[in-house]
Each structure stands twice: as C-alpha cells, then as structure tokens.
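Take a look at the structure below.
No hydrogens, no waters, no symmetry mates; every other heavy atom, side chains included, goes into these values.
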Amino acid sequence: MGRMLIEAVQQSDDLVLASVFDRVGSPFIGRDAGELVAQPCGVIMTDDVAAAIAAADCVIDFTLPEGSLGHLEVARQLGKAMVIGTTGFNAEQKGQIQRAAESIPVVFAPNMAVGVNAVFKLLEVAARILDQGYDIEVIEAHHRLKVDAPSGTALRMGEIVAAELGRDLEQCAIYGREGVTGKRKDETIGFSTIRGGDVVGDHTVLFAGIGERIEITHKSGSRMPYALGALRGARFLAGREKGLFDMQDVLGLR
C-alpha cells in the first residue's frame, strides 16, 4: 500500500508528496521514496514520525492498529488531518480514534475503494428488500499475509446488513462452523474466511432464499483502488477543522 500511495500521489495533479516515513530499521530509510515506484521525487524516507507528519497537511496510514494509533496521536498534537485505512481495531481502539476526531478531521474506513463503498450502499437496499426468507452469508478471501480475520470490509458488510434488519451483529454473527452444528438459525449472519496466495481481496454477500440466491460481489485486482480512494479522503478533509468521517461521507452516499 505504501508503494501504491506514493505512485498515486505522484500521478495526481492536485496533491504533493510531502514526506514518507517507515519503521525504525527499515532498509528504505535515507532513500528517495520515489525509487520504490521507479519515479524519484526528492522526498527522502525517514523514521522520524513527528518530523514527517509535521511536514504534511494530511497523513495517510495503512499500517497496523498500534502503529496507526501512535501516528494518530502525533497528528492530533500537531493539528494534522488523517486518513486511516488500517483494519483490525478493537472497540477500545475505535474509541481512541473517535476521541482524536474531536480535535482533528479523520477519515476512517474499513475499505477505501470506491467500488466497495458502492457495494456497501447496494447492501443497504438489498437487505431492506430481502428482509424475510433469506439466509445471509459473508464470504471473503485475502492473501496469505493478512493478519486479521474476518476482514474489516467483511465485518462492515455484516454490520450494514444487520443494521438494516434491526439486528446486533455481535449477537447474530457466526464465524465459521464445524461438527454437528444443528439447524441454521434464521437470524444469524455467517462469515467464511479464506486466506491464500496473493489474493488482493474478494468479498461476497450471499442472500440465500428458497429457489434463488442473490450474490453481491466485489473483487480487487490491485491495491490501487484503495490508494485512489484514500486520496479522495485526503481531498475531502482539506479545510475541515475536526470530525470523524468515512468513505460514505467522502462519496456523498449518506
């Protein structure tokens, strides 16, 4: 994602790559960040997070929950906007993001791709129509290196459907099945997770009725849509003083 973001910013007409930082000990520290995408740009990669964030108007972060929260605190102290594409946050960590957004503007979304967010909106409509007589399953696949499961996107899909049906996902979600599970309960929403190879990200929500199945699917062929969506998030935050937003806000889908 770092490479995708660097490439996307360099290809944009209205954004400038101000700084790039990486973890302490990274072999890329001290090198031109543009070399990662064969487009040298004069921005030298650093492990000085505070200096890197101070040099920018908006931070775009796709790391790990602990790293993102640390960067968020620095951004808050410096009064910088932030786009967070990291997934795997627990409820307490999401609360930290919400509190930080009381001081700075933040776009926080489980998936930055415009197409995925279009699917989120379609799921709202589908759940309202298919509210009776349909069993719901969320199936997702990602590369073998992804560390959280189900994906943040899959969970968001489940949350959207559950909300439209008046259910609490924490109470009705089933994460995998094994053994003699008994008859499927009508109110449950099932999740199936696949991890393997270099799958960028596939998500399907299945509404299974009697005699028919409706599937709403999104498949990612590259990570560039996530980067382009994150840039739209950064543009959206320009000029805003504070607040917590997601990609539905950015795309005007509320």
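Rounded to the nearest 0.5 angstrom, Ile160 CD1 and Gln248 CD are separated by 6.0 Å. Taking CG from Leu251 and CG from Asp246, the interatomic distance works out to 9.0 Å, rounded to the nearest 0.5 Å. Between Thr86 atom OG1 and Ile60 atom CD1 the span is 11.5 Å, to the nearest 0.5 Å. In this structure, CG in Leu165 is found 6.0 Å from CD1 in Ile189, a value given to the nearest 0.5 Å. Note: Asp131 CG to Glu164 CD = 10.0 Å, rounded to the nearest 0.5 Å. In this structure, Ile139 CD1 and Phe191 CZ are separated by 10.5 Å, a value rounded to the nearest 0.5 Å.
Gln10 places no side-chain N or O within donor-acceptor distance of the main-chain N or O of Glu7, the cut-off being under 3.5 Å. Listed for the Glu140 side chain is no donor-acceptor partner under 3.5 Å among the backbone atoms of Ala154. A donor-acceptor contact shorter than 3.5 Å links the side chain of Thr188 to the backbone of Lys185.
You'll find the side chain of Pro110 stays beyond 4.5 Å of the side chain of Glu159, heavy atoms only. At least one side-chain heavy atom of Phe62 sits under 4.5 Å from a side-chain heavy atom of Met112. For the pair Phe207 and Arg213, the minimum side-chain heavy-atom distance is 4.5 Å or more. Using a 4.5 Å heavy-atom threshold, the side chains of Lys80 and Ile104 count as separate. Put simply, the side chain of Ser26 does not reach to within 4.5 Å of the side chain of Asp47, judged on heavy atoms. Looking at Arg76 and Met82, their side chains never come closer than 4.5 Å, going by heavy atoms from C-beta outward. Put simply, the side chain of Leu123 reaches to within 4.5 Å of the side chain of Ile216, judged on heavy atoms.
Checked against side chain to side chain contact (heavy atoms under 4.5 Å, CB included), Val125 has the following partners two or more places apart in sequence or in another chain: Arg128, Ile129. Every residue meeting the side chain to side chain donor-acceptor pair (under 3.5 Å) condition with His71, not counting sequence neighbours, appears here in chain and number order: Asp61. In this view, Leu244 and Ile97, Gln98, Ala101, Val106, Phe108 satisfy the side chain to side chain contact (heavy atoms under 4.5 Å, CB included) rule, not counting sequence neighbours. Residues passing the salt bridge (charged side-chain N to carboxylate O under 4.0 Å, His left out) test with Arg31, sequence neighbours excluded: Glu35. For Glu215, there are no side chain to side chain donor-acceptor pair (under 3.5 Å) partners, not counting sequence neighbours.
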- Item | Steps toward side-chain contact (heavy atoms from CB on, under 4.5 Å) verdict (Tyr226, Met1) | CA-CA 8 Å; Tyr226 309 144; Met1 277 309 305; 3.8 Å; yes
- Check against side-chain contact (heavy atoms from CB on, under 4.5 Å), Arg232 and Val107: CA-CA 10 Å; Arg232 290 182 71 157; Val107 168; over 6 Å; no
- Message: Could you walk me through whether Tyr134 and Ile214 satisfy the side-chain contact (heavy atoms from CB on, under 4.5 Å) test, starting with their C-alpha distance in whole Å, then the side-chain angles of each, then the deciding distance to 0.1 Å, before giving a yes or no?
- Response: CA-CA 9 Å; Tyr134 292 86; Ile214 299 94; 3.7 Å; yes
- Message: Please evaluate residues Thr87 and Lys146 with respect to the criterion side-chain contact (heavy atoms from CB on, under 4.5 Å), reporting the C-alpha separation (whole Å), side-chain torsions for both, the decisive distance (0.1 Å), and the verdict.
- Response: CA-CA 10 Å; Thr87 61; Lys146 187 169 177 59; 3.5 Å; yes
- Query: Would Phe245 and Phe236 count as a ring pair (Phe, Tyr, Trp, His ring centres under 6.0 Å) if you check the C-alpha gap in whole Å, the side-chain angles of each, and the deciding distance to 0.1 Å?
  - Reply: CA-CA 9 Å; Phe245 309 94; Phe236 175 84; 5.2 Å; yes
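Smallest separation of non-hydrogen atoms from Thr193 and Ala149: CG2-CB, 3.8 Å. Residue Ser68 comes nearest to Thr63 through the heavy atom pair OG-OG1, 3.0 Å, listed as atom of the first residue, atom of the second, then distance.
Within a 6.0 Å radius of CG in Asp198, other residues, nucleotides and ligands contribute 12 heavy atoms or fewer. By the 6.0 Å contact criterion, CG on Asp57 is open, its count of non-hydrogen atoms from other residues, nucleotides or ligands being 12 or less.
Among pairs with a residue in residues 100-116, those fulfilling side-chain hydrogen bond (donor to acceptor under 3.5 Å, both in side chains) read Asn111-Thr153, at least two apart in sequence or across chains.
Side-chain N/O atoms of Gln77 and Glu73 include a donor and acceptor closer than 3.5 Å.
In summary, Arg177 and Glu137 engage in a salt bridge, as defined by a charged side-chain N under 4.0 Å from a carboxylate O.
Put simply, Phe28 and Val9 are part of the same group of oily side chains (I, L, V, M, F, W, Y) that touch within less than 4.5 Å, one to the next.
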